[in-house]
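In what follows, every chain begins at residue 1, and chains take the letters A, B, ... in the order their sequences are listed.
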Number of protein chains: 2
Amino acid sequence: MLLVRDVRMLDGRITDLYVSDGVFVSEGDASDEVIDAERSLAVPGLCNTHTHAAMTLLRGVGEGMELDRWLNEAIWPLEGRMKKRHIEAGMRLACLEMIRTGTTLFNDMYFMEDEMTSVVRDMGLRAVLGEGLIDGFDMEKLEREQRRIPGVNAEILKRGGGLVMPSMSPHAVYTVSQEGLRWSREEADRIGSGTHIHASETEKEVHDWIERTGRTPVRYLDDLGLLQKNTVLAHAVHLSDGDISLIAKRGASVSFNAISNMKLASGGPMRFRDLADAGTNVTIGTDGAASNNSLDMFQAMKVSSLLVRNRYGASSVPPGEILRCATVNGYRALGIKGGLIEEGYAADMLLVDPKHYSMTPGHDLVSNIVHSISPEAVRFSMVNGVVLMKDGHVPDAERIVDMAQEAAMDLIQEGV
Amino acid sequence: MLLVRDVRMLDGRITDLYVSDGVFVSEGDASDEVIDAERSLAVPGLCNTHTHAAMTLLRGVGEGMELDRWLNEAIWPLEGRMKKRHIEAGMRLACLEMIRTGTTLFNDMYFMEDEMTSVVRDMGLRAVLGEGLIDGFDMEKLEREQRRIPGVNAEILKRGGGLVMPSMSPHAVYTVSQEGLRWSREEADRIGSGTHIHASETEKEVHDWIERTGRTPVRYLDDLGLLQKNTVLAHAVHLSDGDISLIAKRGASVSFNAISNMKLASGGPMRFRDLADAGTNVTIGTDGAASNNSLDMFQAMKVSSLLVRNRYGASSVPPGEILRCATVNGYRALGIKGGLIEEGYAADMLLVDPKHYSMTPGHDLVSNIVHSISPEAVRFSMVNGVVLMKDGHVPDAERIVDMAQEAAMDLIQEGV
């Protein structure tokens, strides 16, 4: 992080960053845009490595139910009725929230992701969109998905303009057949994308999977070739020592979802320190707003820090490590050179007001970003050198909120 | 919570609350002030039942140290150098942060509280200020404090204008002698105040105390008469079943400090559900910003909810229960009729914009307040019918931040 005076960019890459006492990074004079950022704090944009953005439309639904009842009685019936207009309204609301709270890149898993590409492009965020694959061990369903999903990905690539990319996103070992998982991996290799999958989220999942296959979900995924450098394992709470060695050896990334896991009562045994010490690329995610209930990555960093300390001790994780998980590690997991403010890295950046109360005093600015900042202190947000939020304002915010509220009411009433 | 049109008050009590479909509460026509609150959401002001407000000046100091080293090497040396100007700057910054994040009443324990009374009055918050008593088992020191503290309390009463009140605040069983604790109780009775004490914060404290006295800190405090209706036990993480029965039987309140306890790695075994089920008045506190690192009670509610669910299950605590802990239970603990929006209750209230992204969609407004709200959505804050924040702005915010930054630098440099 740096106190900057102004920022110059060319073609979405940082070229010059003027710090208050001189030039920090320079690559010539040509500049697309100059932002007056006198004494702002430049912070890399945050990367949310696991979410279901459109579920923001379901924020607060079925509050307080256990995971099984919550999915079966509250979430799935509503999702079953969701049409494009609902998903679009949820995605737009999610993008607004992510921009306002410092996210510049997110890794999504949901449905109609081809249709959502233009929404994300319009909002300006960088994203990896994964069309969720669930075959329920039904080979006919898998065949239909094998015919459908490549088209979805082609459409994302076509509309994404290099900022929005597809991924293969089989839901989890207990919802996708071996054939479906293997095909996901092959298809990812074919299109050069990563894979994104829920793994070892609950004790029950791991217990059931060992009983059914004799292997943990992580080892099972590895046997099918899914543990690779561009794989993101979401949650990965309940891990054996063997799982941890395997993840590290394969170079797969883990998305730590502290808030969602605590809220759904399965976060206690998470093994952040063991994973990171084994050399795993640990990143941070929010999960969907239905189980968080927000997409605020500052809050996700703070609760991650709290949960690690509560388990491993008060000095077990310095704030700088948490910040790296939420920035450069996230970008790395998604195969993007970003998350650092350095020459040649993507110009995905926040400008923070160091004179906001929540950043004062400035004894330890990194700790303030991780443990005390209010999103209100983020004044500018830019992705690929384009400004998405200017002085705290995201264009069209009121209209997006109104549309989301209407779509949510429409969705609920359809079921009445 | 209510969707309101406008709010009328008389002498700091709510008289009329016009909801969108008619009058909710009315006690006559006379009104001091009318706030145009068309379709705002009226939420009771939040009560922070355990903090050391002036420590906001030490936010981020000694990040990542274990509790013992953190206190001995980072915090205490700086506190030893703190002069009135530092404490005042920290208190003002804390009040700014508390107002911006929805707190209307706080229960403080620190030093120079008599001097701080005018600062708090000036900022407009309601508060209970407790001059910290530490005698270190030194009878001469206790005598000096016995001569000094009654004067501090008299001064708080005199300057407090009924909004700022004193409490007796012996620090903890391991820092205050039996004589000091007993005297605190007698003095509290004499001036009609409550008592505020740290209790059973760490496993070590409880273990050491049982070894030293044969009793848990809670039982020991009860034997000295300190467990009463107007007692606030801060932290109270490591409790036996006997402790819980005793607290409930005496009607003492507990201040649950989830964030601080997790950050200092001692929050896991907290017994929220057992305490509440035994009938204890459970409330929520942030602790000081040095160990949180913010005073945001919305965040404190969310992390409280997460920690309870993580331990007791996803359906173990409805959001409404958490909101009550942070409002009416807190007011009750401090002996003030407030924390509910009802006729005759203190006019300490927030007006929230239900159209903020963080409150959208409105499937469950109480859950949104507890789990997703950004403090930015709080537009108005009032205490005793006086508006402290208008449309998101707290008067003098910039000057308060500048003063705090200067005082913090001055404090650090004095030690160089």
Sequence neighbours excluded, the answer for salt bridge (Lys or Arg N to Asp or Glu O under 4.0 Å) partners of Arg92(B) is Glu88(B), Asp122(B)
Who among Ile400(A), Ile259(A), Asp296(A), Thr101(A) has the most heavy-atom pairs with chain B under 4.5 Å?
-> Ile259(A)
Spell out, as yes or no, whether a donor-acceptor pair under 3.5 Å connects the side chain of His363(B) to the backbone of Leu57(A).
-> yes
Who wins among Asp364(B), Val401(B), Asp402(B) for the most heavy-atom pairs under 4.5 Å with chain A?
-> Val401(B)
Leu307(B) versus chain A, heavy atoms under 4.5 Å apart: side chain, backbone, both or neither?
-> both
Search all heavy atoms of Pro361(B) against all heavy atoms of Arg59(A) and return the closest pair with its distance.
-> CD-CB, 4.0 Å
For the atom pair OG (Ser315(A)) and CD (Glu63(B)), what is the distance rounded to the nearest 0.5 Å?
-> 11.0 Å
So does Glu73(B) have more than 12 non-hydrogen atoms from other groups sitting under 6.0 Å from CD?
-> yes
Please name the pair of heavy atoms, one in Arg309(B) and one in Lys263(A), separated by the smallest distance, quoted to 0.1 Å.
-> CD-O, 3.5 Å
Taking the side chain as every heavy atom from C-beta outward, state whether His356(A) and Arg100(B) have any atom pair closer than 4.5 Å.
-> no
Are Glu406(B) and Lys355(A) ion-paired here, with the side-chain N under 4.0 Å from a carboxylate O?
-> no
Contacts of Arg379(B) meeting salt bridge (Lys or Arg N to Asp or Glu O under 4.0 Å) (sequence neighbours excluded), chain-then-number -> Asp391(B)
Heavy atoms only, distances under 4.5 angstrom: which of Gln299(A), Arg311(A), Glu97(A), Lys302(A) has the most pairs with chain B? Name it, please.
-> Lys302(A)
Using non-hydrogen atoms and a 4.5 Å limit, figure out which bit of Pro318(B) sits close to chain A: side chain, backbone, both or neither.
-> neither
Specify which of Pro375(B), Ser374(B), Ser358(B) makes the most heavy-atom pairs with chain A at under 4.5 Å.
-> Ser358(B)
Looking only at heavy atoms, what is the nearest atom pair of Thr360(A) and Ala404(B), with distance?
-> CG2-CB, 4.1 Å
For Ala265(B) against Ala314(A), the heavy-atom pair lying closest together | CB-N, 3.5 Å
Heavy-atom pairs under 4.5 Å with chain A, option from Asn261(B), Val317(B), Leu58(B) with the top count | Leu58(B)
Can you tell if the side chain of Leu306(B) reaches within under 4.5 Å of the side chain of Val303(A), non-hydrogen atoms only?
-> yes
Considering all heavy atoms, the nearest Asn293(A)-Ser372(B) contact | O-CB, 3.4 Å
Identify the heavy atoms of Leu93(B) and Tyr357(A) that sit nearest to each other, and give their distance.
-> CD1-CB, 4.0 Å
Can you tell me if Gln405(A) uses its side chain to pair, donor with acceptor, with the backbone of Gly362(B) under 3.5 Å?
-> yes
